[in-house]
Structures are given as C-alpha cells and as structure tokens.
Number of protein chains: 2
Amino acid sequence: MAQRSGATAQPIRTAVTADEGIDFSIIELMYFAYRDFTSDPDQILAEYGFGRAHHRVLHFVNRLPGLTVAELLDVLKITKQSLARVLKQLIDAGYIVQVQGPRDRRQRELYPTPKGRTLTLALARPQSRRIHAALEGAGETERAWIERFLKAMVNPELRAQIDHLPGNTPGKDHGE
Amino acid sequence: MAQRSGATAQPIRTAVTADEGIDFSIIELMYFAYRDFTSDPDQILAEYGFGRAHHRVLHFVNRLPGLTVAELLDVLKITKQSLARVLKQLIDAGYIVQVQGPRDRRQRELYPTPKGRTLTLALARPQSRRIHAALEGAGETERAWIERFLKAMVNPELRAQIDHLPGNTPGKDHGE
DNA sequence: TAATTTATGTCAATAGTGCTGACATAAATT
DNA sequence: AATTTATGTCAGCACTATTGACATAAATTA
C-alpha cells in the first residue's frame, strides 16, 4: 500500500555502518561463520539422505546418551511433530535405538548404535578441524574468551543446559 | 537393511567427549549461539510476514547499496530462483527499489528505501544489543580475537568478500 | 549486421524443516 | 476410577532452498 501512492520511494545510496552504534561486522561474521561451519556436515549428510535436523538429533543423542524424547525436545526447542519424522528415520536406519525407561516405562531413552556413533564422529570431524584452524595462534586465554562470548550469546535461561553437557566447564558465566 | 538382520544393534551408553580430539563444546556453542542470535529478528520478521531470507537480502542491500542481483547472489551463495520470490516481495512491499544499471542497462542495482533502511536497523538492533552484552568485560584485544575467530571459520576464498563490507578492517587474516 | 553471451526474470516441481491442531495409546498419578 | 503424562501419528500449511527449462533485453563478438 505504502508505495502505491504515486511516486516511488527514493533509493538510499549510503551504506549502513556502525554509525547508529550497531555492530554490523559481528552480525555478518556470525552469519558467514555459521553458514560455512555447517556446510561440511551438510555435504556428508546429503550422501545419507539426511539433513541438518538429523545431525542435531544424532549429535545430542551421542552427547547425552539415554536422554528421553521430552528432554531432547527441550534441548532442541522444537515440537514433537518436527522431531518425529527425523527421529523415525534415524531409528529405522539403525543409527539410534530406543530403550524403554527403567523407572517410567512410558519414556523412551535414546541411545546411539555403533553406526550412529561412527556417523556422529564423521560429521563432527570436519567441524572440529575448522575450529582448530580458526583457533590457530590462540592460547587458552583467547579460547576461553571465545567460548565465553559464544555462551553469552545464548539466552540466559538456557546457559545452564549447556553446562550439563559433558566436558563443559560450568559456572564461568559473567555478568550476574 | 543393516539392523534388519536379526539382533538389534546394541545401544552405546557412553557419551562422546573430547576423547577423539573433537571439539564438541564449540560445535554446540556455535549451534546454540546462532539459534538464539537469530531468534530476535525472526520474531520481528514474522510480524511483517517475512522470513530469515528477507532479512539477509535487506541486510546486504543496506550494507552494499547499489549492488546488482548477481552480486547479491554471490554474497548469499544461493540460486537466483531462491532469491526471486523474496526479492520480489521486498520490492512489492516498498522496502527495496531497483535502479537500472548506468553502465550496463541489463543490471538492476538494488537500493533500500527509507522504509527498508528503518526495518534493517530495527532487525539489527536486538542482535547488536545481544553482541554488546556478550562482549561485556571484553576489551579491544578480546574483541579482535573473537572477530578473528569468526572470520577464520569462514571458507578462505570468501574472506576477502567480508573485507569489502563497510567498516571492516581488512587484512587481519592470520595464517599465511 | 548477425550471432552469441550475459543479466535478469519466471514457471514448475521437489526437498527439508519447521509449525499447529487433532487424536490415540499406554503407563503413571491422583 | 478418573486424570494426567509421555509418546506417537495423521493431516495440512509455511518458508527456504534446490534443479531444470524457457523468455527477454542488452551487451559483446564475429
């Protein structure tokens, strides 16, 4: 509607910069970095007929073996209907198995199979290589700053969740 | 086929850690950080009936006003068919205008309208706020390391492209 | 000038991932 | 016995991306 009233809106010919105090550089870097970071596993996944969603499920089932469907949904922040298709495919293809919960028999504990573990490692390997290359020249201090930055980008209420993953140094949250 | 042969594959009950030398912490942090980083603009975009693809187009048209369709495709690394719908919607709604190329009249230079500029800033604002909060306590040195890390995560052949964006300090590439 | 290439646009079909809403079952809880 | 919880499933829709094919206008080349 707005542009229909006669004259076309004028083109702005100046670039947005950091003028407004907005950090366009890091905004762009996040986009480019994440895009290329996911491109390596995406290529491998395509060979298996899988997508990025399968990768995420495989990843967290391998990181938190025995987690229930509800817990997985809580980590991924997606709906059970979204998970259903992807999880079913991974189970049918023998990458993940379900085990009836010992205490609560309604629950399905999710575990990787050897095949699932192997694929997870194959998907993580190029990502880890990229990270190592990007950390070249960085010491423990710099690495800690980078991890701290990434963690601080996460919504505060979800940071505790990250600490529950294996091999993560908890507590080093700044601010409060 | 693999799991159909009689016995079901055994569940692996141990978590993958950094054992294999793989950096699972940063892999996960990249996922969580990017997911939450994009959630703020996603909410705003939904009010306009737009998606993440519209955000990217708006962003780079504002950062590189006057870039051609071909140049935009090269930055985003998507196909022209993917861009078409999104760009058409942004033009029809008056966020972007096309100007015939002065040298080559086949080209369409893309510029934001005032409306497009305003929306771009509104989308960038919460992301920038999140970044500033995540950089709390970091000095110029730490910020430089973080930017260097993110840039080094990008495929080498595309890093030069980043330097052409306004307000980016070029050259500070490490390695070679 | 004529032929070709380039920049852009468009139509059609498909895939992957997410969503909402509705309904079903079994097991736990009240 | 009634209700709630954990999970699964069906159906439909939205967004973003893909490939392939074809069309037009303008630039370049022969």
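Just so it is clear, the model here is predicted, and its values are computed rather than measured. Labels below follow one simple rule: chain letters A, B, ... track the order of the sequence lines, proteins then strands, and each chain is numbered from 1.
B:Tyr48 has its OH atom 16 Å from the P atom of D:dC15, to the nearest Å. One can place CZ of B:Arg105 at 11 Å from P of D:dT28, the figure rounded to the nearest angstrom. Put simply, CD1 on B:Ile96 is 14 Å from P on C:dT8, counting in whole angstrom units. When the P atom of D:dT28 is taken as reference, atom CD of B:Gln107 falls 10 Å away, rounded to whole Å. Protein atom CG of A:Leu67 is 10 Å distant from nucleotide atom P of D:dT7, rounded to whole Å. Summarising the geometry, the separation between CD on A:Glu109 and C1' on C:dA27 is reported as 15 Å, rounded to the nearest angstrom. For the pair A:Leu73 CG and C:dT17 C1', the interatomic distance rounds to 14 Å; values are reported in whole Å. Whole-Å rounding puts the A:Leu90 CG to D:dG8 P distance at 13 Å.
Listed nucleotides: C:dA7, C:dT8, D:dT18. Nearest to the side chain of B:Ser82: D:dT18. Distance from the side chain of B:Thr68 is smallest to C:dT8 among C:dT8, C:dT10, C:dG18. For B:Asp104, the listed nucleotide lying nearest its side chain is D:dA26; candidates were D:dA26, D:dA6, C:dC19. The side chain of A:His54 approaches C:dT17 more closely than any other nucleotide in the set C:dT17, D:dA26, C:dG9.
C:dA27 is paired with D:dT4 under the Watson-Crick or G-U wobble criterion, all donor-acceptor distances under 3.5 Å. D:dA17 is paired with C:dT14 under the criterion used here, namely a Watson-Crick or G-U wobble arrangement in which both key atom distances are under 3.5 Å.
Side-chain N/O atoms of A:Arg108 include none lying less than 4.0 angstrom from OP1 or OP2 on C:dA27. Listed pair A:Thr79 / C:dG18 fails the phosphate criterion, with no side-chain N or O lying under 4.0 Å from OP1 or OP2.
For the pair A:Asp23 and B:Arg125, the salt-bridge criterion is not met [side-chain N within less than 4.0 Å of a carboxylate O]. For the pair A:Glu147 and A:Arg143, the salt-bridge criterion is met [side-chain N within less than 4.0 Å of a carboxylate O]. Comment: B:Asp36 does not engage A:Lys77 in a salt bridge, judged by the lack of any side-chain N to carboxylate O separation of less than 4.0 angstrom.
When each of A:Arg106 and A:Gln81 is assigned the nucleotide of DNA chain D bearing its nearest heavy atom, the one mapping closer to the 5' terminus is A:Arg106. In terms of position on DNA chain C, the residue among A:Arg52 and A:Arg103 whose nearest nucleotide sits closer to the 5' end is A:Arg52. The 5' end of DNA chain C is approached more closely, in terms of each residue's nearest nucleotide, by A:Ile78 than by the other of A:Gln100 and A:Ile78.
For B:Lys80 against C:dG9, a side-chain-to-base donor-acceptor contact under 3.5 Å is present.
Note on B:Gln98: only backbone sugar-phosphate atoms sit closer than 4.0 angstrom, heavy atoms only; bases stay farther off. Residue-level contact check: A:Arg85 touches the bases, meaning some heavy atom is under 4.0 Å from a base atom.
Aromatic ring orientation, A:Phe50 versus A:His54: parallel (interplanar angle below 30°, classes split at 30° and 60°). Between A:Tyr31 and B:Phe60, the two ring planes are tilted [angle within 30° to 60°].
Under a hydrophobic clustering in which Ile, Leu, Val, Met, Phe, Trp and Tyr are joined whenever their side-chain heavy atoms come within less than 4.5 Å, directly or via other members, A:Trp145 and A:Met153 fall into different clusters.
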